Amino acid sequence: SGEVRVSAPGKVILHGEHSVVYGKRAVALGLDLRTHLTVSAAADSVSLCLPDVDISKTWSLEELRALWKQMGGAQAPDAAPLADAQAALLRSQLPTGAGLGSSAAYAVCLSGALLTSQGRLDPGEGRANLEKVCRWAFRSEQIIHGTPSGIDNSICTYGGAVNFKGGASTPVEVPPLQVLLVNTKVPRSTKALISGVRERRERHPSAIDPILDSLDALAERGIQALHDLASATRDQDRAAAHETIAELIEINQGLLCALGVSHPSLDRLVALAQANGLRAKLTGAGGGGFGIVVEGLAGKEDVAKCCLDLETHGYQVWRTRLGAPGF
Ligand code: PMV
């Protein structure tokens with residue numbers, strides 16, 4: 001009854017994009033750009049309003065049931081949540097199709113709001129409820145994307161930082177991690193980039209498989225470094241953890257280049273960051289989209305200079321702290 005308001009964060013993959021598709025470890029963090037959804041009861045239809053991307057659509061309940069059947073909804077683990085007449089209004093701070101988890105944040109909001117409005121989440125069952133939301137959001141991502149690894153819906157559900165492997169996610173301690181989020185403004189297709197990696201691997205399995213193993217090891221080292229940073233009490237330990245994180249970022253970007261998923265706009269971004277003494281990598285599928293620059297212990301002025309350099313070269317830059325809360 002009444003209105004349900006929910007929100008979910010976007011995401012940044014720190015390590016493990018692409019290799020996660022092959023069952024390797026990945027680590028992702030919540031982004032403080034969020035998607036907000038309000039769901040309210042309607043008369044006899046389902047309406048969806050997404051003003052930020054200029055979409056507004058209404059379906060009759062009959063149309064929806066037919067659609068649900070078509071999507072194989074009957075085989076889903078729970079009954080269809082889309083059974084009642086509802087109106088949904090979605091507002092998002094996340095740019096779409098850029099690797100920041102806009103579709104997953106939407107899927108998490110929609111699943112969570114519908115499960116809430118239909119009384120399917122149990123009071124006091126925090127983690128179990130989130131698991132339910134995450135499972136439904138994954139289903140939605142499968143419909144939208146085909147064969148997603150599941151990392152996006154996991155981080156957008158749980159927030160903070162997650163260690164993701166083989167479809168299972170566990171929370172990771174989040175230290176204050178300040179980054180520059182950099183938009184190359186170059187559009188790309190996640191699907192095409194994933195196919196590109198698959199084809200390169202088919203041509204050269206003995207060369208590519210060790211890269212995927214390396215990316216797995218990097219994610220594991222990255223999680224250790226986040227832990228070291230979170231638990232550091234002395235300045236020298238904090239500095240050492242920041243240095244490790246920066247070096248892992250640099251290695252990761254090199255390996256993603258070797259997989260063929262970088263782009264001249266991303267290579268330039270990395271070089272500009274490097275010229276300012278900072279390390280950067282692409283985040284998400286690559287081929288354009290977004291990159292992150294880790295600030296580490298760089299001074300305010302150096303960071304400001306790096307931002308200015310990037311903006312002068314046509315990039316859009318946000319300063320942000322990773323590890324935003326989940327659904
Ligand atoms: O769609 P993006 O840019 O967030 O890419 C997701 C990361 C991949 O590992 C390339 C795909 C996946 O499903 O994990």
Side-chain angles (χ1 to χ4, degrees), residues 8-31 33-35 53 92-108 134-135 137-159 161-169 179 181-201 208 211-216 218-219 222 252-253 255-263 265-266 269 280-292 322 324:
K11 68 105 211 298
V12 161
I13 296 180
L14 196 64
H15 296 293
E17 47 273 274
H18 288 289
S19 48
V20 70
V21 173
Y22 299 87
K24 308 299 181 190
R25 188 178 307 285
V27 52
L29 292 96
L31 184 62
L33 298 175
R34 298 182 78 84
T35 289
V53 287
S92 185
Q93 303 170 303
L94 290 161
T96 56
L100 297 185
S102 64
S103 78
Y106 171 42
V108 167
C134 191
R135 211 165 49 236
F138 184 52
R139 198 60 202 106
S140 162
E141 286 276 273
Q142 284 176 316
I143 291 165
I144 302 172
H145 293 301
T147 52
S149 63
I151 189 169
D152 281 21
N153 51 284
S154 297
I155 182 61
C156 295
T157 301
Y158 299 112
V162 298
N163 171 354
F164 185 90
K165 186 156 184 169
S169 55
V179 301
L181 191 63
V182 187
N183 190 358
T184 65
K185 303 180 189 165
V186 175
R188 83 286 186 282
S189 150
T190 298
K191 222 178 221 171
L193 288 150
I194 290 175
S195 302
V197 174
R198 193 189 55 238
E199 286 157 17
R200 189 168 277 201
R201 180 170 179 250
I208 299 298
I211 297 178
L212 299 175
D213 288 335
S214 257
L215 288 166
D216 184 89
L218 274 179
N252 198 336
Q253 173 62 19
L255 295 178
L256 288 166
C257 281
L259 289 183
V261 297
S262 194
H263 182 271
S265 64
L266 289 162
L269 185 173
K281 70 179 273 291
L282 66 86
T283 184
F290 275 79
I292 50 168
L322 299 181

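Because the structure is predicted, anything quoted here is derived from the model rather than measured. Along the sequence shown, residues are numbered consecutively beginning with 1. Indexing begins at 1, ligand by ligand and atom by atom, following the structure's order.
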Flag the pair Leu215 / Lys24 as yes when at least one side-chain heavy-atom distance between them is below 4.5 Å, and no otherwise. no
Do Val182 and Ile292 touch side chain to side chain, with heavy atoms closer than 4.5 Å? no
Any donor-acceptor pair under 3.5 Å linking the side-chain atoms of His145 with those of Ser103? yes
Could you list, one pair per line, each nitrogen or oxygen of ligand 1 together with any protein nitrogen or oxygen closer than 3.5 Å, giving atom names and the distance rounded to 0.1 Å?
unit_1: ligand 1; atom_1: 1 (O); unit_2: Thr190; atom_2: OG1; d: 2.9
unit_1: ligand 1; atom_1: 3 (O); unit_2: Arg188; atom_2: NH2; d: 2.5
unit_1: ligand 1; atom_1: 3 (O); unit_2: Ala285; atom_2: N; d: 2.8
unit_1: ligand 1; atom_1: 4 (O); unit_2: Lys11; atom_2: NZ; d: 2.6
unit_1: ligand 1; atom_1: 5 (O); unit_2: Ala285; atom_2: N; d: 3.3
unit_1: ligand 1; atom_1: 9 (O); unit_2: His18; atom_2: N; d: 2.9
unit_1: ligand 1; atom_1: 13 (O); unit_2: Ser149; atom_2: N; d: 3.1
unit_1: ligand 1; atom_1: 13 (O); unit_2: Ser149; atom_2: OG; d: 3.4
unit_1: ligand 1; atom_1: 14 (O); unit_2: Ser149; atom_2: OG; d: 2.6

Please examine the side chains of Val12 and Val179, heavy atoms only from C-beta on, and report whether any two atoms are closer than 4.5 Å. no
Val20 side chain near Ile13 side chain, heavy-atom distance below 4.5 Å: no
Contact check, side chains of Leu212 and Arg201, non-hydrogen atoms, under 4.5 Å: yes
